[in-house]
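Small disclaimer: the values here were computed from a predicted structure and weren't measured. For this chain, numbers begin at 1 and follow the sequence in order.
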Amino acid sequence: MTADAALRPWGRAFAVAVLIHAHLPDYDEPGLGGPRLLKVAGALLLLWRPHALGFALCLGTSLYTLLTQRDVLTQQVLLACMAAAGLAAALRGTRGAARAALGACTVVTAATYLLAAVHKVNTDFFDPHVSCAQHAWTQIEAFWFAWLPPHDPPGAWLAGAVVALEVALAALLLLGSPLSWPLGLAFHLPLTVTLAPAFGAVMLAGYAASMGPRTLVRWRRALRTASHRRLVAAAGAVALLLDVLAHGGFGPWDGRVKVAAAGALFALALLGGRRRERRPLGRAAWAFGALYVAHGLLPYTGLKFQHTAAMLSNLRIDPACHNSLLFSPALLVRDPYLYVDEASIGQGQRPERERVLRETLWNVAALYAAQANWCVPELRPIALRGQWRGQPFDIPDLCEADFADHLPDAGWPPADLLPWYQALQKNLPRTCHMACVH
């Protein structure tokens, strides 16, 4: 078997995930039209064959949006990791390289679940009053179960169930268990139709990488059998019907396509049999995964937060609100956030905006965004005073091109390095125990 033959099934699953990701409204923002077109072009090439150019286009566009467009999505990093693995295998062109790439994609997908579970082990995630688990449950109920009579919301057990399920999915993927598909689909579908329209598809690309050759043969046989094809189609139709009835209408077409596809995949996974086939994971895959996990644990050092699978986790790493139950605040290298203690906008025309500046945790990338959005002649100067990295700063006017020069030279990276790379949360209040922030 050549590298192309070994990579082709996964490459197509990865391409579908990229196409779904490129449909996110994030790409409607100025400056992202070109990257979207290049990403789609790369995905279409990968639908044909696992060509190095297709992986390179997907990798390059992911890195561009991460480094220059304030992209905050963990799925973008996951796509970049998968594209890098695919590119290395396509360039090497050997069967061993293809196996290593698929193993690396399997490990980083499982690691994403494990990191997500670790980040959720904090006091706020287990507090039903502010938990993101509760927030997600509310969104799902409003979408599918608005017709139910009023009832008490779930307690802290829901948070525990989410953490346990994420750990279980990580283990099932690494073990090659056939249970990973039905459980993963059941976990991601509700989030797909409410909060995370593309994340499930990206994760399922990792599921496809975890499938061994015998499992792929069983799935292909199921699809070649006429009776099984009818069952798969019927499962998709039933899932769509139940979705429409529960929602009380058809809703956006793309969401309904995903529901039907999930139903079909659920049936296909069951028809594929119950045999476990563990994908061999070599040293390269584990090394790639170890780097990914090390990056995912950076929040506890205070060096960054975004892109670490901490989405919908309620995790806080600012010293005043540090809430992890697993990691001590003593691990923080520094307080990463910028604190605005005094703010003055023009002649005081925007008192509400001044309040937001004082009551929100900031970072340098967010200040650059504020400069782009707020600076008009009648509101100048925007003067800020506060603390950053333990040292005071005084910015006479945020609207000046060199405002970052007024920040203290307090460690690496410097304030003006990659100003549009969003390493930390935005819109985060200084107050602790706030409602879920995605």
Side-chain angles (χ1 to χ4, degrees), residues 68 70 72 122 124 130 298-308 310 314-324 328-438:
T68 70
R70 301 179 71 236
V72 301
N122 63 71
D124 286 5
V130 297
L298 285 178
Y300 305 105
T301 68
L303 296 177
K304 71 173 297 184
F305 185 98
Q306 302 287 22
H307 319 117
T308 61
N314 289 102
L315 181 66
R316 294 288 294 261
I317 60 171
D318 46 312
C321 301
H322 191 282
N323 62 3
S324 174
S328 167
L331 295 174
L332 287 173
V333 175
R334 63 177 178 232
D335 183 347
Y337 291 100
L338 185 148
Y339 299 83
V340 176
D341 299 319
E342 300 178 37
S344 173
I345 299 179
Q347 305 305 312
Q349 302 102 305
R350 296 290 187 273
E352 181 61 23
R353 195 171 291 176
E354 292 174 353
R355 183 189 64 80
V356 170
L357 281 163
R358 293 190 302 269
E359 296 180 3
T360 303
L361 293 179
W362 290 84
N363 57 78
V364 177
L367 287 185
Y368 274 99
Q371 181 193 62
N373 296 328
W374 295 355
C375 285
V376 293
E378 59 269 25
L379 295 181
R380 295 186 66 177
I382 300 178
L384 307 177
R385 294 180 182 85
Q387 302 281 326
W388 185 56
R389 295 180 177 175
Q391 297 187 32
F393 68 83
D394 186 342
I395 299 175
D397 188 1
L398 180 67
C399 301
E400 294 289 347
D402 61 350
F403 82 87
D405 291 345
H406 295 278
L407 292 172
D409 183 12
W412 196 90
D416 57 353
L417 179 68
L418 297 175
W420 293 98
Y421 177 68
Q422 189 70 47
L424 298 168
Q425 286 170 295
K426 54 185 179 179
N427 304 322
L428 194 64
R430 285 201 192 190
T431 55
C432 306
H433 312 298
M434 77 292 179
C436 179
V437 175
H438 185 21

Can you find a pair of side-chain heavy atoms, one from [X] and one from [Y], that are under 4.5 Å apart?
X    : Y    : value
L315 : N323 : yes
N122 : H322 : no
Q306 : Q425 : yes
M434 : L428 : yes
H433 : D124 : yes
I382 : C375 : yes
F393 : L338 : yes
S324 : Y300 : yes

Exam field: side chain [X] to backbone [Y], donor-acceptor pair closer than 3.5 Å:
X    : Y    : answer
D335 : G390 : no
Q387 : R389 : no
D397 : A383 : no
Q349 : Q347 : yes
D318 : A320 : no

Answer yes or no: are there more than 12 heavy-atom neighbours, outside D402 itself, under 6.0 Å from its atom CG? yes

Working to the nearest 0.5 angstrom, can you tell me the gap between [X] [atom1] and [Y] [atom2]?
X    : Y    : atom1 : atom2 : value
W374 : R350 : CH2   : CZ    : 11.0 Å
T360 : Y337 : OG1   : OH    : 12.0 Å
L357 : R355 : CG    : CZ    : 10.5 Å
R334 : W388 : CZ    : CH2   : 7.0 Å

If you look at every heavy atom in [X] and [Y], which pair is closest and at what distance?
X    : Y    : answer
A366 : Q422 : N-OE1, 4.3 Å
P408 : Q391 : CB-OE1, 3.5 Å
C321 : T431 : SG-C, 4.2 Å
W362 : V356 : NE1-O, 3.9 Å
P319 : L332 : CG-CD1, 4.0 Å
I395 : L407 : CD1-CD2, 4.1 Å

Check step by step if side-chain contact (heavy atoms from CB on, under 4.5 Å) holds for L424 and L361. CA-CA 10 Å; L424 298 168; L361 293 179; over 6 Å; no

Apply salt bridge (Lys or Arg N to Asp or Glu O under 4.0 Å) to R385 and D341, showing your working. CA-CA 6 Å; R385 294 180 182 85; D341 299 319; over 6 Å; no

Whether E400 and R380 form a salt bridge (side-chain N of Lys/Arg under 4.0 Å from carboxylate O of Asp/Glu) is what I want to check. yes

Pair L379, R353 - check side-chain contact (heavy atoms from CB on, under 4.5 Å), show working. CA-CA 11 Å; L379 295 181; R353 195 171 291 176; 3.9 Å; yes

